[in-house]
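Working notes for the structure below.
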Amino acid sequence: MNASPLQGLARPEVAPLPPYNAGLSSDVVRARYGVSEISRLASNENPFGASPAVAQALVGLAQQVNNYPDAACTALRTEIAGRCGAEAGQIVIGCGSEDILQMLCLALLSPGDRVLTQRPGFGLHEIFPRMMGAEVEALALTPALEFDLDAWCEALARGPKIAMIANPSNPVGCMFDAAAFQRLLAATPAGTLLVLDEAYYEYARLAPGFPDALAALRDQQRPWIVLRTFSKAWGLAGLRVGYGIASDAALVQLLDRVRTPFNVNQAAQAAALAAWGDEPFMAHAVRETVRYRDTLVAQLHALALPGMRIAPSAANFLFIDLGRPNGPVNEALLARGIIAKPWKEPGFETFIRVSIGTPADNERFLRALREIVEATP
Ligand SMILES: *Cc1c(COP(=O)(O)O)cnc(C)c1O
């Protein structure tokens with residue numbers, strides 16, 4: 001079809017949006033590279049999977065797929081509110097936390113509004129604001145691959161409409177501590193909505209100094225929302241459930257205006273409730289993953305590959321500067337059945353992000369990386 005009539009129909013913001021880089025599927029890699037065994041290390045999924053209680057909760061659901069789900073996610077919101085010390089009215093549930101990011105942008109942003117975030121960062125922190133015609137300011141990291149707190153405080157003081165802050169950061173894994181969070185809060189005008197994306201909260205809270213953001217925000221007279229997800233630590237990425245804890249029920253009501261009414265399906269609600277009820281399963285997976293991560297960091301350092309750097313990580317992944325273009329290394333990893341995420345943004349074409357997998361996955365990655373670098377020094 002001729003593209004020109006379409007160009008007249010689409011909003012001017014839409015065509016220039018970059019596609020979200022969702023990576024290659026296991027089946028595509030199997031077919032394209034002729035490998036049977038795959039290590040999925042590109043999407044920060046949890047190799048421990050979900051609690052067995054989730055499988056139990058899904059049994060029998062086929063008998064009720066003719067009914068719409070609860071549009072208000074009542075049971076899940078009540079359970080989450082109880083454990084987070086909030087009211088159910090302050091909880092919003094999304095089809096993944098990305099759904100909530102989109103609701104926030106739909107409800108709040110008009111063309112020309114300013115949004116503050118970090119680059120490299122989570123793609124949707126930029127894509128959704130730009131979809132609404134907002135202007136995105138993206139702050140750089142420090143040379144040590146940490147949050148540039150001075151730059152953040154300065155930019156926050158200029159009063160963006162929304163500040164999208166992921167702590168820990170994705171793809172970098174770096175975090176800011178409780179004292180730094182107080183500085184950021186003090187720098188932020190009351191008219192800015194703070195969106196604190198804690199997708200890796202369950203991992204990061206094991207790191208010394210990680211802020212109890214909910215406790216710090218509770219007394220603040222300002223709008224805020226903390227986003228968390230069932231996709232990572234809770235092992236439910238395939239079912240798409242995320243949640244937000246908002247400063248005020250009024251913010252949740254605004255989001256209710258723009259979300260699709262039945263956004264979270266029956267299976268997703270049932271699975272999330274069941275997973276939430278088995279916190280020990282999640283906690284075990286998280287503790288093991290953090291242990292594997294620290295082992296992998298030590299092993300990578302021991303390889304002493306020339307030019308390699310590893311960013312500090314409080315999450316279930318590592319952001320690694322290979323000291324050489326990431327494309328050929330990534331191809332060689334794929335040929336061995338290892339799916340990682342090579343970074344494509346300018347200035348980061350030597351980096352890959354690799355999720356912490358099972359010990360077997362991690363060893364495979366380590367061995368492959370050593371072989372690849374030794375083959376082409
Ligand atoms: C994975 C991730 C999310 C969202 O995941 P959902 O599956 O949509 O809940 C949000 N923010 C960051 C920073 C992430 O890494």
Side-chain angles (χ1 to χ4, degrees), residues 20-23 40-47 49-50 54 73 76 80 91-106 115-129 136 138-139 141 147 162-176 194-205 210 213 225-245 255 259-260 263-265 267-269 271-272 275-276 282 285-286 289 293 311 313-319 340-341 343 345 351-356:
Y20 181 79
N21 176 10
R40 292 177 58 83
L41 304 178
S43 302
N44 304 339
E45 295 154 341
N46 181 348
V54 169
C73 296
L76 186 56
I80 289 172
I91 309 295
V92 54
I93 312 286
C95 189
S97 53
E98 61 186 22
D99 189 25
I100 305 173
L101 287 167
Q102 188 182 46
M103 292 178 215
L104 285 163
C105 293
L106 282 169
V115 172
L116 181 65
T117 189
Q118 181 164 277
R119 196 183 294 142
F122 187 56
L124 299 176
H125 290 174
E126 287 198 42
I127 292 174
F128 288 148
V136 177
L139 299 173
L141 300 160
F147 281 88
I162 298 181
M164 303 270 196
I165 314 180
N167 192 32
S169 133
N170 173 11
V172 184
C174 59
M175 63 167 243
F176 53 77
L194 273 177
V195 178
L196 193 63
D197 187 338
E198 292 191 331
Y200 303 94
Y201 166 76
E202 296 83 359
Y203 301 94
R205 67 181 168 179
F210 188 75
I225 186 165
V226 174
L227 302 183
R228 293 183 187 160
T229 180
F230 283 89
S231 296
K232 312 285 164 53
W234 300 96
L236 289 182
L239 286 176
R240 318 299 308 118
V241 195
Y243 62 98
I245 307 142
L255 301 182
R259 74 176 168 89
T260 52
N263 58 334
V264 185
N265 72 56
Q269 292 188 37
W276 191 254
M282 181 277 287
V286 164
T289 300
R293 179 193 71 207
S313 175
N316 65 338
F317 55 83
L318 296 174
F319 197 47
K341 192 154 181 170
W343 223 253
E345 280 164 317
F351 283 78
I352 57 165
R353 191 193 68 195
V354 61
S355 311
I356 306 303

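Whatever order the structure lists ligands and atoms in, that order sets their numbers, starting from 1.
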Worksheet item: Which residue owns the protein heavy atom closest to atom 1 (C) of ligand 1, what's the atom, and how far is it?
Response: K232 NZ, 1.3 Å
Worksheet item: At a 4.0 Å cut-off, with the gap strictly under it, does some heavy atom of Y200 reach an atom of ligand 1?
Response: yes
Worksheet item: Who's the nearest protein heavy-atom neighbour of atom 11 (N) of ligand 1, and how far?
Response: D197 OD2, 2.6 Å
Discussion item. E98 versus ligand 1: do any nitrogen or oxygen atoms come within less than 3.5 Å of each other?
Written reply: yes
Worksheet item: Quick one: does N170's side chain have a donor or acceptor within less than 3.5 Å of a partner on F122's backbone?
Response: no
Discussion item. As a test of understanding, state which of Y200, W276, Y203 forms a ring pair (Phe, Tyr, Trp, His ring centres under 6.0 Å) with W234.
Written reply: W276
Worksheet item: Relative to the ring of F210, is the ring of Y201 parallel (under 30°), tilted (30 to 60°) or perpendicular (over 60°)?
Response: tilted
Practice prompt. Write out the residue and atom name of the closest protein heavy atom to atom 5 (O) of ligand 1, then the distance separating them to 0.1 Å.
Written response: S97 OG, 3.7 Å
Fill in: Residues R228 and E202 bridged, charged N to O under 4.0 Å
no
Worksheet entry | Carboxylate-amine/guanidinium proximity below 4.0 Å for E126 and R119 | yes
Worksheet entry | Atoms of ligand 1, numbered as shown, that sit under 4.0 Å from any heavy atom of N170 | 13 (C), 14 (C), 15 (O)
Item to complete: Using distance alone, with no hydrogens and no angle criterion, decide if N263 and D99 have a side-chain donor and acceptor under 3.5 Å apart.
Response: yes
Worksheet item: Are R353 and F317 in a cation-pi contact, defined as NZ or CZ under 6.0 Å from the six-membered ring centre and within 45° of the axis?
Response: yes
Discussion item. I'd like to check which ligand 1 atoms, numbered from 1 as shown, lie under 4.0 Å from a non-hydrogen atom of G96.
Written reply: 6 (P), 8 (O), 9 (O)
Practice prompt. Give the residue and atom name of whichever protein heavy atom lies nearest to atom 7 (O) of ligand 1, and the separation in Å to one decimal.
Written response: S231 OG, 2.5 Å
Worksheet item: Quick one: nearest non-hydrogen protein atom to atom 8 (O) of ligand 1, plus distance?
Response: R240 NH2, 2.8 Å
